[in-house]
A.B. asks: 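What follows is a single structure, and I will ask about it in a moment.
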Amino acid sequence: MTNLNENVDILTARYAQIAHSERMYRLICETSESAYIYQNFVDDTIRTISNWGYYFDFEINEASDMMNIYNFIEREYAIALRDIMSLEKTGRSEDSVVFRLFDGKTWVECNACVIYDENKKPTDKILRFTNITKLKNANDELAYMAYYDIMTGLYNRNYFVRLLGDFVRRAEVEEDYIAVLFINIDDFRKLNDSLGMVIGDEIVQTIGQFLGEFKNENIIVSHFSGASFCLAIYDPCGLRSIDAITSSIHDRLKWPFYLSNQQEITITVSIGISQYPESATTTLDLINCAEIVMCKARTMGHNSIKYFDAPILQEFLQNVSIENKLKEAVFNQNFTLKFQPQYFIEGKKLRGVEALIRWRDYDGSMISPMKFIPIAEKNGTIIPIGAWVMEESIRTYAEWRAEYDYSMVLSLNISAIQYAQTDFIDNLLEMIDRYGVKHDEIELEITESILISDFRDVSEKLIKLRDYGIRISLDDFGTGYSSLSYLKGLPITTLKIDKSFVDTVLLDENTKVITESIVYMVKKLGFETIAEGVETEEQFRYLESIGCDGIQGYYLNRPMTAEELEQHVLCYI
Ligand code: C2E
Ligand code: CA
Ligand code: CA
């Protein structure tokens with residue numbers, strides 16, 4: 001009796017345990033978003049469990065019903081799914097496949113699991129179907145974002161680097177060539193500022209679409225960043241030679257592009273080209289070299305092309321080193337000034353001095369302002385540098401003024417960046433007044449490039465400066481746009497004829513004619529003319545004969561320190 005009771009207890013406990021697990025499994029099945037097919041090979045039964053109706057509109061009562069599933073999926077996945085659904089035939093225990101339903105949208109993952117007995121005969125199989133559409137789409141988007149640039153649909157920078165890496169490895173083995181073209185839309189910032197960012201983006205898209213047409217298995221096209229694109233050509237020759245590609249780019253750019261707002265726009269690009277293996281042999285170096293020469297091409301004017309060569313790299317590295325040292329030099333005020341006298345031709349009377357900045361590097365070598373001023377203009381250090389030159393030279397000039405009681409002109413070179421500062425005039429006037437210098441003793445040397453940028457703003461400022469009595473001199477005349485017609489309306493006092501004219505005026509009849517007519521016209525306009533870079537007596541005599549007012553140059557004085565100027569010039573006035 002006791003035994004029977006014990007057995008009943010055990011059975012009851014077992015039953016409770018089974019009921020408990022069944023509840024648990026039912027709950028799992030009911031809450032699961034997946035659907036299942038369970039097949040038992042021992043008693044030859046098959047049934048669907050859980051969310052089956054959500055996925056498939058048919059019932060499975062025997063194994064052959066499973067075939068209906070192929071009516072619900074896209075054909076290309078049928079074979080892979082068949083292999084999974086009959087996994088027991090392979091002897092494997094687990095596998096999975098991803099397929100798309102016939103609606104073209106829903107992605108489903110099928111996992112199969114087969115259990116075998118000790119004789120390797122299958123006993124049970126479960127197939128689980130799970131909707132993974134969201135996950136798949138997110139993954140696809142991620143994959144897209146990893147390879148493509150959203151704005152243009154071209155490859156992005158990272159993927160371009162990877163693909164170019166593949167090109168380089170292939171070229172190493174096959175001893176082939178590769179060309180990398182770094183293409184940049186000219187004046188893009190200006191376009192963006194004047195037309196707005198939306199149009200700016202459209203321009204990038206338009207150029208991207210056009211460049212995308214070159215894409216094939218030997219040409220990779222990418223949007224690198226902002227207004228820059230990169231093209232890599234494997235084994236450039238024939239239709240995909242550098243010449244063929246750059247010519248067709250230039251041919252297309254001869255015609256305007258039409259924007260969505262009906263606007264017509266002409267675009268030009270600068271192209272820098274590096275080549276494997278001559279320019280560089282690694283992916284990143286190839287891109288860097290192409291970018292460096294693109295920057296050089298950009299300075300040469302619109303639609304320029306520049307090939308990479310060693311001197312350009314040298315110049316680039318030197319500029320980078322100057323740029324690094326420049327900030328430190330500004331911080332430590334490592335500059336000095338030289339002053340070069342300017343004379344009236346008549347009586348060789350001292351007219352004034354031009355302040356010229358000097359920078360001595362720590363190793364004692366001088367770095368020319370021709371080299372570092374353009375870099376300072378690019379990185380903004382021209383603002384503190386220019387302010388220092390102004391303060392230091394006006395202070396020095398005020399001392400001479402007090403000591404020698406001689407009124408002359410202090411000429412200051414003013415960069416366009418400095419001139420564009422809104423507080424430029426106020427700062428200058430404050431300084432002049434603080435040192436008690438007369439307004440007409442200060443002359444600002446500006447270049448034609450200032451006038452090109454924002455003519456109205458520039459001329460308003462010039463008028464204001466002239467109203468205060470400050471003199472304005474147009475420097476390097478003849479090297480820029482050199483149009484006498486726009487000078488008419490400008491409140492300029494002096495025009496400096498560039499050294500390049502003075503150099504050749506006695507050698508070349510054309511230069512002679514131009515120089516003479518410049519002097520004649522400028523006099524008619526009422527400006528004073530100063531010739532710079534005068535090195536010989538003959539040049540001096542000639543300039544005198546054509547009626548030039550002043551001269552500056554090694555013939556009379558080189559630029560000198562404040563002390564030298566006092567000893568050799570100011571002492572004798
Ligand atoms: P620039 O304003 O045209 O200055 C005249 C340059 O010609 C000076 O070179 C001067 O030393 C040089 N020069 C004068 N006479 C002769 C001559 O007879 N023969 C020869 N071969 N050269 C002569 P520097 O001092 O090297 O300055 C070069 C340029 O750097 C200047 O050209 C100017 O554009 C810029 N610069 C110099 N100082 C400053 C400054 O304080 N601020 C700014 N923004 N630019 C400056
Ligand atoms: Ca000057
Ligand atoms: Ca000059």
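Ligands are counted one by one from 1 in listed order, and the atoms in each one are counted from 1 as well. We use all heavy atoms of the structure for the numbers below, so side chains are in, but hydrogens, waters and symmetry mates are not. All residue numbers refer to positions in the sequence shown, counting from 1.
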A.B. asks: In the protein, which heavy atom is nearest to atom 38 (N) of ligand 1, and how far is it?
C.D. replies: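 Of the protein heavy atoms, Ile357 N, 3.1 Å lies nearest.
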A.B. asks: Restricting to non-hydrogen atoms, name the atom on Leu506 and the atom on Glu538 that form the minimum distance, rounded to 0.1 Å.
C.D. replies: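 Looking at all heavy atoms of both residues, the closest pair is CD1-CB, 3.6 Å.
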A.B. asks: Side chain, backbone, both or neither: which applies to Glu354 and ligand 1 if a contact is any heavy-atom pair less than 4.0 Å apart?
C.D. replies: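 Under 4.0 Å from ligand 1, Glu354 contributes side-chain atoms alone.
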A.B. asks: Which ligand 1 atoms are under 4.0 Å away from a heavy-atom of Pro559?
C.D. replies: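 Per the distance check, 11 (O).
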A.B. asks: Would you mind checking which non-hydrogen protein atom is closest to atom 3 (O) of ligand 1, with the distance to 0.1 Å?
C.D. replies: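 Closest protein heavy atom to atom 3 (O) of ligand 1: Asp476 OD1, 3.3 Å.
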A.B. asks: Show the atoms of ligand 1 that are less than 4.0 angstrom away from any heavy atom in Lys499.
C.D. replies: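 Atoms satisfying the 4.0 Å criterion: 19 (N), 20 (C), 21 (N), 22 (N).
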A.B. asks: Check whether any N, O or S atom of Glu445, backbone or side chain, sits closer than 3.0 Å to the Ca ion (ligand 3).
C.D. replies: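 Glu445 does not place any N, O or S atom closer than 3.0 Å to the Ca ion (ligand 3).
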A.B. asks: Number the atoms of ligand 1 from 1 as they appear, then name those within less than 4.0 Å of a heavy atom of Gly553, with their elements.
C.D. replies: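 Near Gly553, the atoms of ligand 1 are 15 (N), 18 (O).
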A.B. asks: Kindly indicate whether the side chain of Ile470, heavy atoms from C-beta on, has any atom under 4.5 Å from the side chain of Arg466.
C.D. replies: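 They are not in side-chain contact.
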A.B. asks: Centroid separation under 6.0 Å, is that true for the rings of Tyr155 and Phe160?
C.D. replies: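 Ring centroids of Phe160 and Tyr155 are no less than 6.0 Å from each other.
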A.B. asks: For Glu354 and Ser411, test the side chains for any donor-to-acceptor distance below 3.5 angstrom and give the result as yes or no.
C.D. replies: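 Their side chains do not contain a donor-acceptor pair, so the 3.5 Å distance test is not met.
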A.B. asks: The Ca ion (ligand 3) is nearest to which N, O or S atom of Glu532?
C.D. replies: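 Distance check against the Ca ion (ligand 3) picks out OE2 in Glu532.
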A.B. asks: Is Ile385 touching ligand 1 with its side chain, its backbone, both, or neither, if touching means heavy atoms under 4.0 Å apart?
C.D. replies: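 Neither part.
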A.B. asks: Would you verify that at least one protein heavy atom lies under 4.0 Å from atom 42 (N) of ligand 1, or report that none does?
C.D. replies: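 So atom 42 (N) of ligand 1 has protein heavy-atom neighbours under 4.0 Å.
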A.B. asks: Is the closest side-chain donor-acceptor distance between Asn184 and Ser228 under 3.5 Å?
C.D. replies: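 Checked: Asn184/Ser228 side chains pair up, N/O donor to acceptor below 3.5 Å.
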A.B. asks: So which of the N, O or S atoms of Asp475 lies nearest the Ca ion (ligand 2)?
C.D. replies: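 Nearest N/O/S atom of Asp475: OD2.
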A.B. asks: Mind checking whether Arg358 has a heavy atom under 4.0 Å from ligand 1?
C.D. replies: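 Yes; Arg358 lies near enough to ligand 1 that a heavy-atom distance drops under 4.0 Å.
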A.B. asks: Using distance alone, with no hydrogens and no angle criterion, decide if Tyr307 and Gln275 have a side-chain donor and acceptor under 3.5 Å apart.
C.D. replies: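 On atom types as modelled, these side chains do not qualify, holding no pair under 3.5 Å.
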A.B. asks: Restricting to N, O or S atoms, which atom of Glu354 is closest to the Ca ion (ligand 2)?
C.D. replies: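 When I compare the N, O and S atoms of Glu354, OE2 is nearest to the Ca ion (ligand 2).
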A.B. asks: How does Gln418 reach ligand 1, by side chain, by backbone, by both or by neither, if only non-hydrogen atoms under 4.0 Å count?
C.D. replies: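 No part of Gln418 is near ligand 1 at this cut-off.
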A.B. asks: Please name the residue in the list Asp475, Asn413, Leu474 that meets the side chain to side chain contact (heavy atoms under 4.5 Å, CB included) test with Ile446.
C.D. replies: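 Option passing the side chain to side chain contact (heavy atoms under 4.5 Å, CB included) with Ile446: Leu474.
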A.B. asks: Answer yes or no for Asp476: is there an N/O/S atom below the 3.0 Å cut-off from the Ca ion (ligand 3)?
C.D. replies: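 Coordinating: yes.
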A.B. asks: Using 3.0 Å as a strict upper limit, say whether an N, O or S atom of Ser473 approaches the Ca ion (ligand 2) that closely.
C.D. replies: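 No, since none of the N, O or S atoms of Ser473 sits under 3.0 Å from the Ca ion (ligand 2).
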A.B. asks: Checking a contact table here: which protein heavy atom is nearest atom 23 (C) of ligand 1, and how many Å away?
C.D. replies: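 Among all protein heavy atoms, the one nearest atom 23 (C) of ligand 1 is Tyr554 CE2, 3.4 Å.
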A.B. asks: Among all protein non-hydrogen atoms, which one is nearest to atom 35 (C) of ligand 1, and what is the separation to 0.1 Å?
C.D. replies: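 That would be Pro369 CB, 4.2 Å.
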A.B. asks: Between Glu391 and Tyr435, do the side chains contain an N or O donor and an N or O acceptor separated by less than 3.5 Å?
C.D. replies: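 Side chains of Glu391 and Tyr435: pair found under 3.5 Å.
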A.B. asks: For a quick check under 3.5 Å, do Ser241 and Asp243 share a side-chain donor-acceptor pair by atom type?
C.D. replies: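 Checked: Ser241/Asp243 side chains show no N/O donor-acceptor pair below 3.5 Å.
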A.B. asks: Between Val389 and ligand 1, which residue portion shows a heavy-atom distance shorter than 4.0 Å: side chain, backbone, both, or neither?
C.D. replies: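 Side chain only.
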A.B. asks: Could you tell me whether Lys348 atom NZ has more than 12 heavy atoms of other residues or ligands within 6.0 Å of it?
C.D. replies: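 Yes, because the 6.0 Å sphere around NZ of Lys348 holds more than 12 heavy atoms from other groups.
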A.B. asks: Does ligand 1 have a heavy atom under 4.0 Å from the side chain of Gln340, from its backbone, from both, or from neither?
C.D. replies: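 Side chain only; the backbone of Gln340 stays clear of ligand 1.
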